[in-house]
Trainee: 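First the structure, then my questions, so here it is.
Bear in mind the structure is a predicted one, so any value in this text is a computation, not a measurement. What you see below is based on every heavy atom in this structure, not just the backbone, and it leaves out hydrogens, waters and symmetry mates. Throughout, protein chains are lettered first and strands after them, A, B, ... in sequence-line order, and every chain is numbered starting at 1.
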Amino acid sequence: MNHALLVTKNIGRRKLRTVLLLIAIFIAFLLFGALESFLQGFNAGQNSAAADRLVTVNKINFTVPLPISYVDRIRDLPGITHATSQSFFGGFYQDPKNFLLMFATDPQAYLQVYPKIVLPPEQRTAWLNDRRGIAVGRIVANKNHWKIGDHIPISSSIFSRADGSHSWDFNLDAIINLPEDSQRESVVLMHHKYFDETVTFARDTTSMIVFTTASPKLNDSIEKQVDAMFANSPYETSTDTAAAFNKAFVAQVGNIALIVTLVVSTAFAAILLIVGNTMVMAIRERTREIGVLKTLGFSGPVISAQILAESMLLALFGAALGLGTAWLALAATRRYLEALIPGVHMTGAILAAGLGWAIVLGLVTGAVPAWSGLRLRIVSALGRR
Amino acid sequence: MSDFSFQLRKVSKRFVKGKETITIFDNLDLDIPAQDYVAIMGPSGSGKTTLLNVLGGIDQVTSGEVLFNGQRVDTLNEGQLSRWRAANVGFIFQFYNLMPVLTAAQNVELPLLLTKLGSKDRRRHVATALDLVGLGDRSKHYPREMSGGQQQRVAIARAIVSDPKVLLCDEPTGDLDRTTADEVLEILALLNREHSKTVIVVTHDPEAANHAKRTLHLNKGIFVERTKLA
Ligand SMILES: Nc1ncnc2c1ncn2[C@@H]1O[C@H](COP(=O)(O)OP(=O)(O)O)[C@@H](O)[C@H]1O
Ligand SMILES: [Mg+2]
């Protein structure tokens, strides 16, 4: 026997109550782990957007195209270093559910706008010179088991070909490796030229123009300048930083960060009350026993430590179960999730934050009973008959 | 080393209840020599439990001095009292007060968790204490699986396992039938006789008082002593 055994014996004394508490804590941390992982997937996309990268889309919204000539007009403005077109292709592989984050672009210009993408020289040359070539993010390649040199048929849910078919044949020429930017590792990039000569509509247009500036300090004035240049034209524009654009994109899905925060904090508040209240009752039930322990010579601090250990053990065990299950669930469904939210996974930081919250939960729910255990007077605990 | 186990010097104990002050005892003097076996009797509410709690350092006196082995204990702080109790005093209650989640052996082992003894030594001490109360074969039983008399014997084993000088017993046979009560009283007498324990028993049971070397009657805050006739 030792103090630890005493603590676990106390936890086990009401099996049903302990199981219910663990389930409550488990659910809260399952939610926390899963939702935080989604959120970090969204944020990863936003953070990877360099501060000096701007995006221009149609003022109506990003699904309405802009003339391709705008790319050159934007590139020619002072303070702008590189610009590229980037058109949604709506690609999917084999099954419409296997949706690809696929764009038609000008490969040379794209690589200038995203200088962090470094392709092996032979892959780069192959892609730039192959009109049917695609460059594919590592995550997508792995998911679909694609290798360099593969011939890959891809269909579009938006466009059809002049010859009536819906499928395009591509050669996989290059794989993008950029672990810090999961969005870049999730894209499929085709030549805008190939796009333009095969689609039945939307020729000579692009859904967005991405460009870099000489310095983030110029961004505000350049944003205004670009939009002013196209004001009162049939295609008015809206220009923003890539980060803001990504945020706006996410905002269309709903203010996910806020929802996550609300759901998680509600769940936490609820279990804090449930566990805290239950701990208080559990310790109150044991008032006489605590009085006896104190009579035997167990000091107030020892009693408090045992009570805190009890609440801490409950919180940590429940949290470990919840976070572990969230991790397993994310790992098992990662293939599917990554098509929707590139980079969704439980990071070490989320795990650490979860365990941190578990410690907070253990401390807070144990605090009141530990304090009363510390202060409990033996004579009143032993009671008078 | 004093020949006295406990000495009370002009001890008063008062409770303030609203506007009223209840005096339990006033300027009480008492000497309990080492290896004494005292029974304390008296009407309900006369302050017997309070006296025992004062001796055991779990209740404070309002004024006066409490000495153990010639040393003041009424001046110790809470932490010091905890250590003092663990080392010197064993408590036995009317309702046994065992931990329901622990086996007999684990209950008996509890006080040893506060010592430096290793687990092997602890187990040896526990076995000795349980043998002494005649429950060597019940070590794995839980309190709910034992009779009242057996539970009280486990409580006695718990009280003596760390070998304290003094046993403070508050109506130890109050909840037992005659036969089991006598068994418990035999054990207390044995502990006094063979193991040199100072035993102080608060009781309503004349038989319990008969086992003692002397009986003190507490009434209205004063003692009337009656030494055993036989
Ligand atoms: N905390 C307290 N507050 C007020 N009165 C108390 C308190 N503790 C004990 N008393 C009173 O002190 C008296 C003696 O109690 P107690 O020592 O339990 O008596 P006994 O054990 O002889 O029956 C009783 O009248 C009881 O009501
Ligand atoms: Mg009493």
Trainee: Which one wins on heavy-atom pair count under 4.5 Å against chain B: Leu5(A), Thr295(A), Ile378(A), Asn2(A)?
Mentor: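 That would be Thr295(A).
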Trainee: Could you look at Gln106(B) and say if it's the side chain, the backbone, both or neither that has a heavy atom under 4.5 Å from chain A?
Mentor: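 Interface part for Gln106(B): both.
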Trainee: Kindly check if the number of other-residue, nucleotide or ligand heavy atoms within 6.0 Å of CD (Glu78(B)) is above 12?
Mentor: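 Counting neighbours around CD of Glu78(B), 12 or fewer heavy atoms of other residues, nucleotides or ligands fall under 6.0 Å, so no.
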Trainee: So for Arg377(A), is it side chain, backbone, both, or neither that comes closer than 4.5 Å to the heavy atoms of chain B?
Mentor: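 Contact with chain B involves the side chain of Arg377(A) alone.
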Trainee: Out of Gly56(B), Ser119(B), Pro100(B), Pro111(B), which one racks up the most heavy-atom pairs below 4.5 Å with chain A?
Mentor: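 Winner by heavy-atom pair count: Pro100(B).
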Trainee: Please check if atom CD in Glu285(A) has more than 12 non-hydrogen atoms from other residues, nucleotides or ligands closer than 6.0 Å.
Mentor: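 For Glu285(A), atom CD is crowded (more than 12 foreign heavy atoms under 6.0 Å).
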Trainee: Under a 4.5 Å heavy-atom cut-off, does chain A meet the side chain of Arg158(B), its backbone, both or neither?
Mentor: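 Looking at Arg158(B), just its side chain touches chain A.
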Trainee: Less than 6.0 angstrom separating the ring centers of Phe68(B) and Trp84(B), yes or no?
Mentor: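 Ring-ring flag for Phe68(B)/Trp84(B): true, centres closer than 6.0 Å.
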Trainee: Under 3.5 Å, is there a donor on one side chain and an acceptor on the other for Lys143(A) and Asn98(A)?
Mentor: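 Yes, side-chain donor-acceptor contact under 3.5 Å.
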Trainee: Given that the side chain runs from C-beta out, which part of Ile58(B) has a heavy atom under 4.5 Å from chain A: side chain, backbone, both or neither?
Mentor: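 Ile58(B) touches chain A through backbone and side-chain heavy atoms alike.
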Trainee: If every non-hydrogen atom of Gly148(B) is compared with every non-hydrogen atom of Leu176(B), which pair is closest and at what distance?
Mentor: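 Closest pair (atom of Gly148(B), atom of Leu176(B), distance): C-CD2, 3.5 Å.
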Trainee: Taking every non-hydrogen pair under 4.5 Å, which of Ala86(B), Pro164(B), Ser44(B), Ser82(B) racks up the most with chain A?
Mentor: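 With the most close heavy-atom pairs to chain A, the winner is Ser82(B).
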Trainee: Please tell me whether Phe268(A) and Phe29(A) form a close aromatic pair, meaning their ring centres lie under 6.0 Å apart.
Mentor: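 Yes, the ring of Phe268(A) comes within the 6.0 Å limit of the ring of Phe29(A), centre to centre.
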